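Taking it in order: structure first as structure tokens, then the write-up.
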Amino acid sequence: LGQSLQLEVQSTFTYDSVAWTTDFEIECLNPPLCDLIRIQPTQTGEVSVEVRDDGGCTSRTSTLIRVSTALNVFVPEAFSPNGDGINDFFTIYSNQIQNIQRLQIFDRWGNRLFLQENFDPDIEDLGWDGTANGKALNPGVYIFSAEVVYLNGEERVVKGDVTLVK
């Protein structure tokens with residue numbers, strides 16, 4: 001999930017036309033023949049290709065593209081918002097997430113300290129900077145809840161804790 005795949009026609013005869021059939025979006029990498037394509041499947045599906053020579057002879061083949069449904073997310077266990085440019089923000093990382101609908105941070109009493117909505121993963125400065133109401137918080141363990149949308153459209157809530165260190 002989330003990875004692109006290149007497919008190339010390999011034939012024992014010379015062909016002059018290529019026709020791909022699939023539910024995936026196709027990116028032609030060498031127009032106009034398009035015997036090399038890129039797809040980015042988000043679910044399991046079939047890809048078929050038919051080649052034709054100038055005499056009208058055809059050859060057709062299909063392959064099943066299996067997409068792993070394991071949805072991987074990396075959530076740091078700790079971060080250090082000390083201004084050194086290294087791990088200064090807490091955010092969610094994944095090449096399988098389309099959007100983070102909501103990221104919330106809470107203290108141990110359940111008070112919400114941070115809220116960010118509708119942003120992309122992997123962009124550190126959109127995450128939590130270790131402050132609440134403009135003030136730097138003390139080192140400690142904080143609770144997070146993130147509502148995420150994966151590339152396949154599945155929505156999940158990721159919860160846990162993160163340690164703020166100085």
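Keep in mind the model is a prediction, meaning the values are calculated, not measured. Only heavy atoms go into these numbers, but all of them, side chains included; no hydrogens, no water, no symmetry mates.
For W20 (side chain) and E50 (main-chain N/O), no donor-acceptor pair under 3.5 Å exists by modelled atom type. Judged purely by atom type and a 3.5 angstrom limit, T163 has no side-chain atom pairing as donor or acceptor with the backbone of V141. Not a single donor-acceptor pair under 3.5 Å links the side chain of D120 to the backbone N or O of N99. Looking at Q98, its side chain never comes within 3.5 Å of a backbone N or O of V149 through a donor-acceptor pair. Judged by distance alone, with hydrogens and angles left aside, the side-chain atoms of D122 form a donor-acceptor pair with the main-chain N or O of S94 at under 3.5 Å.
Side-chain atoms of E124 and Y93 form a donor-acceptor pair, as typed in the model, at a separation below 3.5 Å. Looking only at atom types and distance, the side chain of N30 has a donor-acceptor partner in the side chain of D35 under 3.5 Å away.
Taken to the nearest 0.5 Å, the OG atom of S17 stands 10.0 Å off from the CG atom of D54. Atoms CZ and OG1, from F114 and T131 in turn, are 8.0 Å apart once rounded to the nearest 0.5 Å. To the nearest 0.5 Å, atom OG of residue S62 and atom CD of residue E46 are 4.0 Å apart. One finds the CD1 atom of I26 at 7.5 Å from the CD1 atom of I39 (value rounded to the nearest 0.5 Å). Distance check: D129 CG to L164 CG gives 9.5 Å after rounding to the nearest 0.5 Å. Put simply, CG on N118 and CD on Q101 are 6.5 Å apart, with the number rounded to the nearest 0.5 Å.
The cluster map of Ile, Leu, Val, Met, Phe, Trp and Tyr, joined by side-chain heavy atoms under 4.5 Å apart, puts L103 and L126 in the same cluster. Residues I92 and F74 do not share a hydrophobic cluster, clusters being chains of Ile/Leu/Val/Met/Phe/Trp/Tyr side chains in contact below 4.5 Å. At a threshold of 4.5 Å between side-chain heavy atoms, the hydrophobic network of Ile, Leu, Val, Met, Phe, Trp and Tyr places L33 and I37 in one connected group. The hydrophobic cluster containing V75 does not contain V165, counting ILVMFWY residues as joined when their side-chain heavy atoms lie under 4.5 angstrom apart, directly or transitively.
Between L151 and T42, the shortest heavy-atom distance links the atoms O-CG2, 3.7 Å. Closest non-hydrogen pair, I86 versus S80, comes out as O-OG, 3.5 Å. The heavy-atom pair separating R102 from L115 by the smallest distance is CG-CD1, 3.5 Å. Across all their heavy atoms, V67 and P41 have their closest contact at CG2-CB, 3.7 Å. The two residues I100 and P121 come nearest to each other via the heavy atoms CD1-CA, 3.8 Å. For the residue pair V158 and F144, the shortest heavy atom distance occurs at O-CE1, 3.6 Å.
Other residues, nucleotides and ligands contribute only 12 or fewer heavy atoms inside 6.0 Å of the CD atom of E77. In this structure, D23 places its CG atom where only 12 or fewer heavy-atom neighbours from other residues, nucleotides or ligands lie under 6.0 Å away. Annotation for K135: atom NZ does not count as buried by contact number, only 12 or fewer foreign heavy atoms lying within 6.0 Å.
Aromatic ring centroids of F89 and F79 lie 6.0 Å or more apart. For an aromatic pair to be called close, the ring centres must be under 6.0 Å apart, and Y142 with W128 satisfies this.
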Would you please test I105 and I143 for side-chain contact (heavy atoms from CB on, under 4.5 Å) and show each step? CA-CA 6 Å; I105 307 294; I143 306 303; over 6 Å; no
Does the pair V49 and V47 meet the rule for a side-chain contact (heavy atoms from CB on, under 4.5 Å), with working shown? CA-CA 7 Å; V49 63; V47 177; 5.8 Å; no
Checking Q40 against F24 for the side-chain contact (heavy atoms from CB on, under 4.5 Å) test, could you report, in this order, the C-alpha distance in whole Å, the side-chain angles of both residues, the deciding distance, and whether it holds? CA-CA 7 Å; Q40 188 170 1; F24 306 129; over 6 Å; no
Go through it in stages, so that I can follow the logic: the residues are T58 and V51, the test is side-chain contact (heavy atoms from CB on, under 4.5 Å), and I'd like the CA-CA distance, side-chain angles, deciding distance and then a yes or no. CA-CA 6 Å; T58 63; V51 294; over 6 Å; no
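Of the residues E8, E27, E25, the one that meets the salt bridge (charged side-chain N to carboxylate O under 4.0 Å, His left out) test with R38 is E27.
At least one side-chain heavy atom of D88 sits under 4.5 Å from a side-chain heavy atom of N82.
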